[in-house]
Amino acid sequence: MTIRFVTSNDGKVREAREYLAEDVEQINYDYTEIQSDDLAEIALAGAAEAFEETGGDDPVIVDDSGLFVDSLGGFPGPYSSYVEDTVGVERVWNVVENEENRRARFRCVVAYYDGETAETFDGAVPGRIVAPRGEGGFGYDPIFEHEGETLAEMSTERKNAISHRGRALAKFADWLAQRD
Ligand code: ITT
């Protein structure tokens, strides 16, 4: 079975390919991100739209994820992509730098839709915001530290073993295996 991963983010696809046994085809369709603070709602709406838009032959997944900083009331959260593009990762670090509490978490929701079945799988990883370190990963990885390492300092395999996306993909893979 081929799964169509509808995303413009190559980093997400790299991690899914490393994790899933199925073929993962990247589809660069820009689905509508509805305004909501619920990642699952955003991802499910995106998956339904993307399934219709891609012709409805193969199941699709979309991934909606974000960085939630405790001292900023969960910001940037569902707006992480917009904030990365406008403010930039380095300046998110500058905002959090002087906070006493630098705790944060990444959250990820993978939504699956095949025309009949809609399902979501979520994952989270706790960590703290630090000065940028590391060359790997993507997005906010250089400023997010988990157990002494930033996600940008980890291999894709190691990141998948502990990350929000890895946890969501693990639930998705188990669910897929049970359906076969
Ligand atoms: P698509 O919507 O096309 O999938 P996107 O990158 O815009 O791509 P999101 O809307 O889910 O994806 O936004 C997620 C934001 O959070 C974006 O700025 C990512 O770079 C960042 N992000 C998500 N997962 C991440 C991870 O594992 N490590 C670092 N940053 C991550």
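Both counts, for ligands and for their atoms, begin at 1 and track the order of listing. Small disclaimer: the values here were computed from a predicted structure and weren't measured. Values below: all heavy atoms of this structure, side chains included; hydrogens, waters and symmetry mates excluded.
- Annotation: ring-ring contact (aromatic ring centres under 6.0 Å, His included) contacts involving residues 151-174, sequence neighbours excluded, comprise F106-H164, Y112-F172, F121-F172.
- Of all protein heavy atoms, the one closest to atom 30 (N) of ligand 1 is Y140 N, 3.0 Å.
- In the vicinity of H164, heavy-atom distances shorter than 4.0 Å reach the ligand 1 atoms 24 (N), 25 (C), 26 (C), 27 (O).
- At under 3.5 Å, not a single nitrogen or oxygen of E15, backbone or side chain, sits near a nitrogen or oxygen of ligand 1.
- Look at R167 and D122 and you find no salt bridge, because none of the NZ, NE, NH1 or NH2 atoms lies under 4.0 Å from a carboxylate O.
- Salt-bridge formation is detected for the pair R133/E145: a Lys NZ or Arg NE/NH1/NH2 atom is positioned less than 4.0 Å from an Asp or Glu carboxylate oxygen.
- Listed for the K12 side chain is a donor-acceptor partner under 3.5 Å among the backbone atoms of D63.
- Ranking protein heavy atoms by distance to atom 31 (C) of ligand 1, first place goes to F138 CE1, 3.5 Å.
- Judged by distance alone, with hydrogens and angles left aside, the side-chain atoms of R4 form a donor-acceptor pair with the main-chain N or O of T54 at under 3.5 Å.
- Distances from atom 13 (O) of ligand 1 to the heavy atoms of P142, S81, G166 show the closest one on S81.
- Residue-ligand proximity, D63 to ligand 1, at heavy-atom distances under 4.0 Å covers atoms 4 (O), 11 (O).
- Residue-level proximity to ligand 1 for Y31 is carried by the side chain, the only part with a heavy atom below 4.0 angstrom.
- Between the side chains of R107 and S65, no donor N or O sits under 3.5 Å from an acceptor N or O.
- The distance from ligand 1 to the heavy atoms of K159 drops below 4.0 Å at these ligand atoms: 26 (C), 27 (O), 28 (N).
- For ligand 1, the atoms closer than 4.0 angstrom to any heavy atom of N9 are 6 (O), 8 (O).
- Across every non-hydrogen atom of V89 and G139, the tightest pair is CG2-O, 3.5 Å.
- If you number the atoms of ligand 1 from 1 as listed, the ones under 4.0 Å from a heavy atom of E84 come out as 17 (C), 18 (O), 19 (C), 20 (O).
- Using a distance-only test at 3.5 Å, with no hydrogens or angles considered, no donor-acceptor pair links the side chain of N160 to the main chain of E157.
- For atom 10 (O) of ligand 1, the candidate residues are E33, K12, R165, Q26; the nearest heavy-atom contact is made by E33.
- Taking only non-hydrogen atoms, the option from A152, S65, S80 nearest to atom 14 (C) of ligand 1 is S65.
- Residue D141 places a heavy atom less than 4.0 Å from ligand 1.
- At the shortest separation from atom 1 (P) of ligand 1 among protein heavy atoms lies T7 OG1, 3.4 Å.
- At least one donor-acceptor pair closer than 3.5 Å links the side chain of Y140 to the backbone N or O of E84.
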